[in-house]
**Student:** 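Pasting a structure below so you can have a look.
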Amino acid sequence: MLLLKNAKIYTMDQGKEYSNGFIIIDPNPTSGKIVSVGDGDGIKELKSICVENNMKFDDCIIRDCAGQTIMPGFIDPHCHLGLWEDGQRDEDGDGNEESDPITPHMRAIDAINPFDPCFKEAVEGGITSVMTGPGSANVIGGQFAFIKTTGDCIDKMVVKAPAAMKVAFGENPKGVYGKRNTAPGTRMGTAAILREALFKTLKYKKDNEDALADPKKDAPDFDMKHEALLPVIEGNLPLKIHAHRADDMQTAIRICNEFSVKYTLDHCTEGYRIKEFLREESMKGNMIGLITGPLISERCKPELAHLSIKNPGLISDFGIVTAIMTDHPVIPLQYLPLSAAIATREGMNEQKALEAITINAAFVCDVDDRVGSLRKGKDADIVILNGHPFEFRTKVLCTIINGKIVFEAN
């Protein structure tokens, strides 16, 4: 067992904080879970656990974290880690299959390179897990995966795959295909293509069901695109929607409501302009939450004209589940806590900002049963810092993933 004691602990579990607390971790590769979290030095609890499990107390590792801060590992709910490798040109990336605007059968796990040096930088920055996947060139880009940020084999790093289906509105898909004089060349075209794909999948589903019910009816030919979209229309896989402008978000919501599909709105750059509308939609059941960012980037295209660092604070104040992302490599992944810190400087509630890169990020990725807070039974993904995570001079001292120390500062 590993005991971390005498630390300031932000559990992100229903607001529980300990000014002098402890965490006990089972570092066994078959577990890697949190065993106990509480107030005090944890010695009594550790001894009790040792007795219960027939273990030797002297074999346990005890780390004094006096003066240090412990938090759940930070989570980026939208990035492209491993698909655009650091130091390569855009055309060398593997995140956009630009041969067809509808590519739901593309899988991020088939393109993520775990040897991208940015994985190491993520761990050094306390980022322990991410949602990574295709870019926004296509109307439907493919399947995102939720992974841990350490390992040499993606299959062993995966927490959930597929975890979401990427969909894009706005300038990106129309810019890619419009210049080729093929659809979509307009926002109407993007919406129409998405609707058509969903309608066809519904028909594919019904035809298969009819064939099963009536042997005289032939089943439709296997279609991998429709197969990939079936979990979406069945409510088991959310759409991960790239949308910056307010009107693009409203179009996306309109379509999601038409087909009763789950979704998150990612980027949500102009969310503050329609926050009342978004709050109303968030209470209807299809919207999982909003993912804002990148926050510290340039206004490099027209739909970013109204980019505001105040956005996450304004929408979270309306009671909407809000997370913050880097969109790595747009903003390097290790600057996720900095993005949240700057949001607090511009008015975001500090607790909500911490939640935006921990438990809320886990919630919008549907993995909050495993990560995002420090609680018994959850994955031991932990970051130890020498101060508050939003203090500019704070450094990561240690990063733990699945109960194993994967980074130790010199």
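Values below: every heavy atom of this structure, side chains too, minus hydrogens, waters and symmetry copies. Throughout, numbering of the chain's residues begins at 1 and tracks the sequence.
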**Student:** Counting distance only, does the side-chain N/O of K120 pair as donor-acceptor with the main-chain N or O of T150 below 3.5 Å?
**Tutor:** no
**Student:** Considering all heavy atoms of both residues, which atom of M249 and which atom of A243 are nearest to each other, and what is their separation?
**Tutor:** CG-CB, 3.8 Å
**Student:** Charged N to carboxylate O below 4.0 Å: is that the case for E124 and K395?
**Tutor:** no
**Student:** I'd like to check the side chain to side chain donor-acceptor pair (under 3.5 Å) partners of D210; sequence neighbours left out, ordered by chain and number.
**Tutor:** K206
**Student:** Can you tell me if N402 uses its side chain to pair, donor with acceptor, with the backbone of K404 under 3.5 Å?
**Tutor:** no
**Student:** List the atom of I24, the atom of G42, and the distance in Å for their closest heavy-atom pair.
**Tutor:** CD1-O, 4.0 Å
**Student:** For a quick test of reading the model, state the closest non-hydrogen atom pair linking P337 to I127 and the distance between them.
**Tutor:** CD-CD1, 4.0 Å
**Student:** Please evaluate residues E85 and N113 with respect to the criterion side-chain hydrogen bond (donor to acceptor under 3.5 Å, both in side chains), reporting the C-alpha separation (whole Å), side-chain torsions for both, the decisive distance (0.1 Å), and the verdict.
**Tutor:** CA-CA 8 Å; E85 297 173 43; N113 180 5; 3.0 Å; yes
**Student:** Using a strict 4.0 Å threshold on nitrogen-to-oxygen distance, state whether D223 and K225 make a salt bridge.
**Tutor:** no
**Student:** Tell me which one of V176, T103, L194 satisfies side chain to side chain contact (heavy atoms under 4.5 Å, CB included) with V139.
**Tutor:** L194
**Student:** State, yes or no, whether a side-chain contact exists between F146 and P77 at a heavy-atom distance under 4.5 Å.
**Tutor:** no
**Student:** Does the S316 side chain pair with the main chain of G313, one donor and one acceptor, at a distance under 3.5 Å?
**Tutor:** yes
**Student:** Taking everything shown except Y272 itself, do over 12 heavy atoms lie less than 6.0 Å from its OH?
**Tutor:** yes
**Student:** Indicate yes or no: does E270 engage R273 in a salt bridge with an N to O separation below 4.0 Å.
**Tutor:** yes
**Student:** Above 12 or not: heavy atoms from other molecules or residues under 6.0 Å from CZ of F222?
**Tutor:** yes
**Student:** Could E209 and K217 be called an ion pair, given the rule that one side-chain N must be under 4.0 Å from one carboxylate O?
**Tutor:** no
**Student:** Can you tell whether the side chains of E303 and K174 come within less than 4.0 Å, N to carboxylate O?
**Tutor:** no
**Student:** Ignoring hydrogens and angles, tell me if any N or O in the side chain of S373 forms a donor-acceptor pair with the backbone of I359 under 3.5 Å.
**Tutor:** no
**Student:** Take K275 and D317 through the salt bridge (Lys or Arg N to Asp or Glu O under 4.0 Å) test and state the conclusion after the steps.
**Tutor:** CA-CA 9 Å; K275 55 185 183 292; D317 282 346; over 6 Å; no
**Student:** Apply salt bridge (Lys or Arg N to Asp or Glu O under 4.0 Å) to residues R370 and D379 and explain how you reach the verdict.
**Tutor:** CA-CA 6 Å; R370 286 190 57 179; D379 293 4; 2.8 Å; yes
**Student:** Output, in order, the C-alpha distance, side-chain angles, deciding distance and verdict of side-chain hydrogen bond (donor to acceptor under 3.5 Å, both in side chains) for D41 and N6.
**Tutor:** CA-CA 6 Å; D41 65 10; N6 298 330; over 6 Å; no
**Student:** Please identify each residue that fulfils ring pair (Phe, Tyr, Trp, His ring centres under 6.0 Å) with H328, with sequence neighbours left out.
**Tutor:** none
**Student:** In a check of side chain to side chain contact (heavy atoms under 4.5 Å, CB included) between K148 and each of V406, V371, V158, T128, which one passes?
**Tutor:** V371
**Student:** Output every pair passing side-chain hydrogen bond (donor to acceptor under 3.5 Å, both in side chains) with a member in residues 151-162, not counting sequence neighbours, ordered by first then second residue.
**Tutor:** K160-D366
**Student:** Between K378 and D13 (salt bridge meaning N to carboxylate O under 4.0 Å), is one present in this structure?
**Tutor:** no
**Student:** Counting only heavy atoms not in D221, do more than 12 fall under 6.0 Å of its CG?
**Tutor:** no
**Student:** Sequence neighbours left out, what passes side chain to side chain donor-acceptor pair (under 3.5 Å) with R107? Give chain and number order.
**Tutor:** none
**Student:** How about V232 and T201: do any of their side-chain heavy atoms sit closer than 4.5 Å?
**Tutor:** no
**Student:** Where is the tightest heavy-atom contact between T292 and P312, given as atom of each residue plus distance?
**Tutor:** OG1-CB, 3.6 Å
**Student:** Salt-bridged, E171 to K301, with N to O below 4.0 Å?
**Tutor:** no
**Student:** With side chains defined as the heavy atoms from C-beta onward, is the minimum distance between L4 and I25 less than 4.5 Å?
**Tutor:** yes
**Student:** Check this for me: does any side-chain nitrogen of one of D26 and K33 sit under 4.0 Å from a carboxylate oxygen of the other?
**Tutor:** no
**Student:** Who are the side chain to side chain donor-acceptor pair (under 3.5 Å) partners of D327, not counting sequence neighbours?
**Tutor:** H78, H80
**Student:** Do I405 and C398 touch side chain to side chain, with heavy atoms closer than 4.5 Å?
**Tutor:** yes
**Student:** What pairs with H388 under ring pair (Phe, Tyr, Trp, His ring centres under 6.0 Å), at least two apart in sequence or on another chain?
**Tutor:** Y10, F390
**Student:** Would the distance check show the side chain of T11 and the main-chain N or O of K16 forming a donor-acceptor pair, the cut-off being under 3.5 Å?
**Tutor:** yes
**Student:** Does either side chain, that of D39 or that of N20, offer a donor lying less than 3.5 Å from an acceptor on the other one?
**Tutor:** no
**Student:** Does the salt bridge (Lys or Arg N to Asp or Glu O under 4.0 Å) test come out yes or no for K284 and E281, once each step is laid out?
**Tutor:** CA-CA 5 Å; K284 292 181 179 179; E281 291 299 323; 2.8 Å; yes
**Student:** Taking it one step at a time, do D100 and N138 satisfy side-chain hydrogen bond (donor to acceptor under 3.5 Å, both in side chains)?
**Tutor:** CA-CA 7 Å; D100 186 335; N138 296 341; over 6 Å; no
**Student:** Keeping the roles fixed (side chain from T69, backbone from G387), state whether a donor-acceptor pair exists under 3.5 Å.
**Tutor:** yes
**Student:** In a check of side chain to side chain donor-acceptor pair (under 3.5 Å) between D266 and each of K240, H242, H244, which one passes?
**Tutor:** K240
**Student:** How far apart are the C-alpha atoms of E227 and K205, what are their side-chain angles, what is the distance that settles it, and do they pass the salt bridge (Lys or Arg N to Asp or Glu O under 4.0 Å) test?
**Tutor:** CA-CA 9 Å; E227 291 288 335; K205 175 181 168 66; over 6 Å; no
